[in-house]
Protein chains: 2
Amino acid sequence: MSVTADPLRVWLIEDQAAFRRTVARALSSSPALECTAHFDRCETALGEVGRMRPSEHPQVIVLDIGLPGMSGIEGIKAFKQCLPAVQILLFTVFEDEDRVLQAICAGASGYLLKSSPLREIIAAVQEVASGGASIHSHIARRVLDLLARLGQPTATPQYGLTETERDILKHLTNGSSKKEIASARDTSFHTVSTHIRNIYEKLHVHTVSGAVSKTLRERLL
Amino acid sequence: MSVTADPLRVWLIEDQAAFRRTVARALSSSPALECTAHFDRCETALGEVGRMRPSEHPQVIVLDIGLPGMSGIEGIKAFKQCLPAVQILLFTVFEDEDRVLQAICAGASGYLLKSSPLREIIAAVQEVASGGASIHSHIARRVLDLLARLGQPTATPQYGLTETERDILKHLTNGSSKKEIASARDTSFHTVSTHIRNIYEKLHVHTVSGAVSKTLRERLL
DNA sequence: CATCGTCTCGCATGATTGTGCGATACCGCG
DNA sequence: CGCGGTATCGCACAATCATGCGAGACGATG
């Protein structure tokens with residue numbers, strides 16, 4: 001690879017101004033990269049895309065997943081639409097696995113911890129630009145598990161859900177209320193309530209909609 | 001984490017005898033690992049599983065993907081069946097992406113190049129045992145792309161849903177409450193309530209779970 | 001037999017929903 | 001200029017839900 005190649009054009013979208021400037025400077029400090037613009041929200045960046053020549057379009061976008069206004073997930077889809085060749089790197093804090101998974105399904109090519117050392121961030125941008133992916137190993141694992149489940153419809157018990165819990169979950173995904181479930185299973189309302197409570201804990205959600213959503217998205221039943 | 005914890009029991013399955021012994025020795029050289037057995041083919045290893053106490057079962061299997069007899073892919077399925085908790089690391093040469101993808105769909109948790117330094121192999125085993133995954137970035141990228149393709153559905157039936165309604169539905173499928181949606185959209189709680197009410201009518205449901213379920217099942221978004 | 005996980009049931013309270021019944025305002029269209 | 005569709009906002013009340021706390025019964029497992 002030539003050392004005189006044009007540097008990669010990178011955009012950074014991150015709402016915390018101080019942090020954004022730090023990272024932008026770090027990116028540009030690498031001779032192989034140039035942070036040609038940075039924004040505090042997707043909307044601004046998307047508006048800018050239309051105003052510039054294609055030769056100025058970014059090749060990589062580093063995108064905070066937790067932005068005000070348009071979410072990172074929607075942002076990915078929007079960018080992918082107007083810049084089909086762009087590579088998108090997520091920028092996020094730890095413990096946000098579900099959103100990261102959704103983002104990956106939306107087309108992100110990598111995942112970066114905000115707490116990463118700057119040199120790792122630079123390395124990740126280059127990795128992604130060269131056709132690789134940059135993912136934290138625990139996220140990678142969840143991606144693999146998800147894929148394994150999609151690849152093999154074989155019902156694998158997930159999240160340690162009990163038979164009873166799965167049955168109740170099934171009712172929930174049909175839109176039933178606790179009361180209806182109790183009568184369908186011929187048990188007490190309180191019992192159903194307890195089971196749902198345990199389901200919430202195992203699935204890390206705290207609403208019916210969250211449980212239903214996770215169940216259907218991850219093919220838990 | 002204790003330094004006196006029992007070492008991880010690792011099996012190695014690889015048909016090239018010299019290389020197998022080298023790697024086995026390297027694995028056991030780490031105090032955290034112990035290569036308790038190594039085989040030249042899956043069949044032998046599978047037979048051994050039945051003959052031993054569960055406490056001697058391996059926690060991680062490092063498996064060559066290109067084996068004589070039973071293929072690595074079949075091997076993964078067989079091991080996963082008789083040792084549900086086992087973690088499987090693929091061991092392979094470069095340029096074998098398609099088979100690696102198949103293997104991942106079969107349940108492998110990681111991927112290792114035979115040309116990797118021994119210290120990386122040890123690290124990968126530990127990574128996988130602790131719930132992570134170990135994947136080369138180019139494989140990771142193909143996995144991500146595959147997932148993105150699966151995640152992107154097709155043209156869909158609508159129910160005459162408005163743009164606003166679809167947006168609110170999206171929030172609902174993320175498990176958000178009305179209050180959260182209102183603040184995310186920067187509007188009144190009552191407005192959100194009204195929209196949801198209209199969504200219910202259009203989708204013929206009367207609970208959040210019903211709406212979420214219908215949305216995800218029929219790929220409404 | 002002691003412990004653990006599961007299923008069962010209960011109560012109480014505050015938060016959230018579902019729904020009926022309004023109202024104002026903007027916009028496109030005939 | 002009316003009219004329909006959409007988006008906005010409001011109130012009120014019953015139903016439902018989320019969650020903390022507690023507890024008895026049963027089977028499996030060590």
Decide if atom CD of E201(A) counts as having more than 12 heavy atoms of other residues, nucleotides or ligands within a radius under 6.0 Å. no
Inspect the contact between K77(B) and E74(B) and indicate whether a charged nitrogen and a carboxylate oxygen are less than 4.0 angstrom apart. no
Per R197(A) side chain, nearest of listed nucleotides dA7(D), dC7(C), dC21(D): dC21(D)
Counting side-chain heavy atoms from CB outward, which of dT8(C), dA18(D), dT16(C) is closest to T164(A)? dT8(C)
Straight-line distance of T162(A) OG1 to D167(A) CG, nearest 0.5 Å: 11.5 Å
Compare the minimum distances between each of dT16(D), dT6(C), dT8(D) and the side chain of S177(A), then state the nucleotide with the smallest one. dT16(D)
E165(A) side chain, from C-beta outward: closest of dG10(D), dC7(C), dC17(D): dC7(C)
Would you indicate which nucleotide in dT6(D), dT6(C), dT17(C) comes nearest to any side-chain atom of T162(B)? dT6(D)
Residue H190(A), side-chain heavy atoms: nucleotide from dC9(C), dA18(D), dG18(C) that is nearest: dC9(C)
Assign each of N198(B) and S176(A) to its nearest nucleotide of DNA chain D by heavy atoms, then name whichever residue's nucleotide is nearer the 5' end. N198(B)
Ion pair present between D64(A) and K114(A), side-chain N to carboxylate O less than 4.0 angstrom? yes
Choose from dG10(C), dA18(D), dT8(C) the nucleotide whose nearest atom is closest to any side-chain atom of R185(A). dT8(C)
dC9(D) base / T194(B) side chain donor-acceptor hit below 3.5 Å: yes
Please state whether the base of dC17(D) and the side chain of T207(A) form at least one donor-acceptor pair under 3.5 Å? no
